[in-house]
Visitor: 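To start, I am sharing the structure in question, which I have written as structure tokens.
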Amino acid sequence: MKVNLQSVNFNVDQKLVSFTQNKLDKLETHFNRIIHADVFLKVMNTSGKENKVTEILLSIPGGEFMIKKINKTFEEGVDECVSSLERQLKKRKEKLNAHA
């Protein structure tokens with residue numbers, strides 16, 4: 001799957017890029033027709049500890065899923081986004097199988 005990662009207000013390191021890629025690749029075990037994923041990682045200028053915004057836009061045939069999480073670290077955000085996407089992809093797959 002093609003992953004387009006964009007970082008806002010900081011420079012992303014290669015470790016975070018490969019972590020995100022690996023997590024998103026696991027989604028293909030649940031739904032094999034994913035077109036691509038756009039990942040936006042942003043650091044908000046706030047004094048709070050939870051200032052890391054993770055947004056994932058997942059494109060599949062017939063639609064898109066958008067997930068946004070705010071956490072202390074980007075790894076937590078990616079984890080939470082991916083688990084939300086897993087649930088949504090499973091629901092979509094069940095609907096498709098019910099109509100088939």
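As a basis for the values below, the full set of heavy atoms in this structure was taken, side chains included, without hydrogen atoms, waters or symmetry mates. Everything quoted here is computed from the prediction, not taken from an experiment.
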Visitor: Grab the two heavy atoms, one from H36 and one from M1, that are nearest each other, plus how far apart they are.
Guide: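 Taking H36 first and M1 second, the nearest heavy atoms are CA-CG, 4.2 Å.
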Visitor: What heavy-atom pair brings K26 and T29 nearest, and what distance separates the two atoms?
Guide: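 So the two residues come closest at O-OG1, 2.6 Å.
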Visitor: First locate atom CD1 of I34, then atom CG of L27, and finally report the distance between them rounded to the nearest 0.5 Å.
Guide: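 Taking CD1 in I34 and CG in L27, the distance rounds to 5.0 Å.
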Visitor: Please assess D79 against K23 for the test side chain to side chain contact (heavy atoms under 4.5 Å, CB included), listing each intermediate value before the final yes or no.
Guide: CA-CA 7 Å; D79 268 342; K23 286 288 185 179; 2.8 Å; yes
Visitor: Could you grab the distance from atom CD of E76 to atom OG1 of T54, nearest 0.5 Å is fine?
Guide: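 Here the rounded value is 9.5 Å.
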Visitor: Return the set of residues passing side-chain hydrogen bond (donor to acceptor under 3.5 Å, both in side chains) with D25 (not counting sequence neighbours), or none when no residue passes.
Guide: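 D25 satisfies side-chain hydrogen bond (donor to acceptor under 3.5 Å, both in side chains) with Q21 once adjacent residues are dropped.
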Visitor: Return the set of residues passing ring pair (Phe, Tyr, Trp, His ring centres under 6.0 Å) with F19 (not counting sequence neighbours), or none when no residue passes.
Guide: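 Scan of F19 (ring pair (Phe, Tyr, Trp, His ring centres under 6.0 Å), adjacent residues dropped) gives none.
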Visitor: Holding to side-chain hydrogen bond (donor to acceptor under 3.5 Å, both in side chains), I want the full list of residues that pass it with S84, two or more places apart in sequence or in another chain.
Guide: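 Result, side-chain hydrogen bond (donor to acceptor under 3.5 Å, both in side chains) vs S84: R87.
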Visitor: Is K90 close to F31 at the side-chain level, that is, under 4.5 Å between some pair of heavy atoms?
Guide: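 No, every pair of side-chain atoms sits at 4.5 Å or beyond.
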Visitor: Could you tell me if the side chain of T73 sits less than 4.5 Å from the side chain of K49, heavy atoms only?
Guide: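 No, their side chains stay 4.5 Å or more apart.
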Visitor: Between T20 and L5, is there a side-chain heavy-atom distance shorter than 4.5 Å?
Guide: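 Counting from C-beta outward, L5 and T20 do come under 4.5 Å.
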Visitor: Run the side-chain hydrogen bond (donor to acceptor under 3.5 Å, both in side chains) test against E94 and tell me which residues pass, sequence neighbours left out.
Guide: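 Per chain and number, E94 pairs via side-chain hydrogen bond (donor to acceptor under 3.5 Å, both in side chains) with no residue.
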Visitor: Do the non-hydrogen side-chain atoms of E80 and N71 ever get within less than 4.5 Å of each other?
Guide: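 Result yes, sub-4.5 Å side-chain heavy-atom pair found.
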Visitor: Below 4.5 Å, heavy atoms only, C-beta onward: do F65 and I60 meet side chain to side chain?
Guide: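 Touching, per the 4.5 Å side-chain cut-off.
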Visitor: Could you tell me the separation between the CD atom of E86 and the SG atom of C81, rounded to the nearest 0.5 Å?
Guide: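 Between atom CD of E86 and atom SG of C81 there are 12.0 Å.
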Visitor: Check the pair F74 / F10 against ring-ring contact (aromatic ring centres under 6.0 Å, His included), numbers first and verdict last.
Guide: CA-CA 12 Å; F74 287 117; F10 78 104; 4.9 Å; yes
Visitor: What residues, two or more places apart in sequence or in another chain, satisfy side-chain hydrogen bond (donor to acceptor under 3.5 Å, both in side chains) together with N22?
Guide: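 Listed in chain order: nothing, the list is empty.
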Visitor: Is there a path of hydrophobic side-chain contacts, each under 4.5 Å between heavy atoms of I, L, V, M, F, W or Y residues, that connects L24 with V17?
Guide: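 L24 and V17: one cluster.
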Visitor: Might you point out which heavy atoms bring L57 and E64 nearest each other, and give the distance in Å?
Guide: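 Minimum heavy-atom contact is CD1-OE1, 3.8 Å.
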Visitor: Hey, any chance V43 and I70 share a hydrophobic cluster, counting ILVMFWY side chains that come within less than 4.5 Å of each other, even indirectly?
Guide: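 No, V43 does not connect to I70 through the hydrophobic network.
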Visitor: Answer whether the closest heavy-atom distance between the side chains of L58 and L89 falls below 4.5 Å.
Guide: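 Yes, at least one pair of side-chain atoms sits under 4.5 Å.
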Visitor: Is there side-chain contact between L16 and E75, with heavy atoms separated by less than 4.5 Å?
Guide: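 SC-SC contact between L16 and E75 confirmed.
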Visitor: Looking only at heavy atoms, what is the nearest atom pair of I35 and P61, with distance?
Guide: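 Looks like CD1-N, 3.8 Å.
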Visitor: Consider only side-chain heavy atoms of I, L, V, M, F, W and Y, link residues closer than 4.5 Å, and tell whether V53 and V3 are in one cluster.
Guide: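 In one cluster with V53: V3, no.
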Visitor: Could you name each residue pair satisfying salt bridge (charged side-chain N to carboxylate O under 4.0 Å, His left out) that touches residues 33-43, not counting sequence neighbours?
Guide: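 Counting only pairs at least two positions apart or across chains, the salt bridge (charged side-chain N to carboxylate O under 4.0 Å, His left out) contacts touching residues 33-43 are K42-E55.
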Visitor: With a 4.5 Å heavy-atom cut-off, do I56 and M66 have their side chains touching?
Guide: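 No; the side chains remain at least 4.5 Å from each other.
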